[in-house]
Amino acid sequence: MAFENNMVVAFAYELKDADTKEVIDASAEGYPLEFITGKSHIIPGLESEIVKMNVGDSATVKVAPEEAYGVYNEEAVRAYPAEQFAGIELAVGLPLYGQAEDGSTVQVIEKAFNETEVTIDHNHPLAGKTLEFAVTIESAREASAEEAMTGRVQCADHGSKGGCGTGGCGCGH
């Protein structure tokens with residue numbers, strides 16, 4: 001059974017850089033990541049494989065940059081006058097947060113700095129990387145009408161392990 005749109009799928013995962021095998025992220029034990037299929041909540045290359053799976057299935061999914069966070073764009077690396085960063089303790093590799101034109105928060109990485117300019121990388125930190133996910137599908141259910149409309153997973157049971165307390169279920173507990 002493949003998952004159709006508007007299904008709430010919970011999966012445990014471990015994310016690695018496919019080339020270096022370095023672990024980048026993982027779900028907490030007992031707290032799978034929940035998402036609603038067809039809502040673009042997770043990267044396309046991962047969702048396209050998860051929706052082919054069944055509850056209880058485990059798989060290793062490799063996702064190319066084009067289906068993840070995009071190819072690395074050298075033009076997204078820009079230098080800015082150092083005075084724009086007055087009062088900020090600078091360090092190469094330091095993530096900085098700003099506001100995008102649409103009002104959303106964006107993370108950029110400091111690549112270099114000197115007394116006159118600061119070089120900032122606007123690429124996503126995982127841009128250009130092939131990602132490898134070890135996933136296990138823990139549960140799936142049809143989204144409620146409210147979940148399908150809002151695109152937010154809601155908790156049915158605040159005592160469950162399915163995301164409450166982690167912010168993953170959208171219930172605020």
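Not measured: the values here are computed from a predicted model.
In this structure, a donor-acceptor pair under 3.5 Å is absent between the side chains of Tyr69 and Asn123.
No chain of hydrophobic side-chain contacts below 4.5 Å, direct or via other Ile, Leu, Val, Met, Phe, Trp or Tyr residues, connects Val77 to Val108. Met7 is connected to Leu46 through a chain of hydrophobic side-chain contacts under 4.5 Å among Ile, Leu, Val, Met, Phe, Trp and Tyr, so both are in one cluster. Ile109 and Phe85 are members of different hydrophobic clusters when ILVMFWY side chains are connected at heavy-atom separations under 4.5 Å.
At distances below 3.5 Å, at least one donor-acceptor pair connects side-chain atoms of Ser27 with backbone N or O atoms of Tyr13. The backbone N or O of Asp57 lies less than 3.5 Å from no partner atom in the side chain of Asn54, so there is not a single donor-acceptor pair.
Applying the side chain to side chain donor-acceptor pair (under 3.5 Å) test to Asp19 and every residue at least two apart in sequence or in another chain returns nothing. Residues passing the side chain to side chain donor-acceptor pair (under 3.5 Å) test with His122 are Tyr80, sequence neighbours excluded.
Shortest non-hydrogen contact noted between Glu138 and Ala12 is OE2-CB, 3.3 Å. Asn6 and Ile36 get closest at one heavy-atom pair: CA-CG2, 3.8 Å. Between Thr130 and Pro65 the shortest heavy-atom distance is OG1-CD, 3.6 Å. Closest non-hydrogen pair, Tyr97 versus Gln107, comes out as OH-OE1, 3.5 Å. Among all heavy-atom pairs drawn from Glu47 and Gly38, the shortest one is OE2-N, 2.7 Å. Summarising the geometry of Ala82 relative to Asn114, their closest heavy-atom pair is CB-O, 4.1 Å, with the distance given to 0.1 Å.
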Run the numbers on Val9 and Thr37 for side-chain contact (heavy atoms from CB on, under 4.5 Å), then give the verdict. CA-CA 7 Å; Val9 177; Thr37 57; 3.8 Å; yes
Would you please test Glu110 and Leu90 for side-chain contact (heavy atoms from CB on, under 4.5 Å) and show each step? CA-CA 8 Å; Glu110 187 180 329; Leu90 300 174; 3.2 Å; yes
Determine whether Arg152 and Glu146 satisfy the following criterion, salt bridge (Lys or Arg N to Asp or Glu O under 4.0 Å), listing intermediate values before the conclusion. CA-CA 8 Å; Arg152 291 183 51 125; Glu146 181 180 353; over 6 Å; no
May I have the step-by-step check of side-chain contact (heavy atoms from CB on, under 4.5 Å) for Val51 and Asn5, ending in yes or no? CA-CA 9 Å; Val51 298; Asn5 281 345; over 6 Å; no
Can Ile24 and Leu126 be said to form a side-chain contact (heavy atoms from CB on, under 4.5 Å), step by step? CA-CA 9 Å; Ile24 298 169; Leu126 298 177; 3.9 Å; yes
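Salt bridge annotation for Glu147-Arg141: present, with a cationic side-chain nitrogen under 4.0 angstrom from a carboxylate oxygen.
Results of the side chain to side chain contact (heavy atoms under 4.5 Å, CB included) test with Phe113 over Thr119, Ile120, Leu94, Val92 single out Val92 as the only residue that passes.
Annotation: side chain of Glu34 is not in contact with side chain of His41 (no heavy-atom distance under 4.5 Å). Using a 4.5 Å cut-off on side-chain heavy atoms (C-beta onward), Ile88 and Leu96 make contact.
For Phe11 and Phe133, the distance between ring centers is not under 6.0 angstrom.
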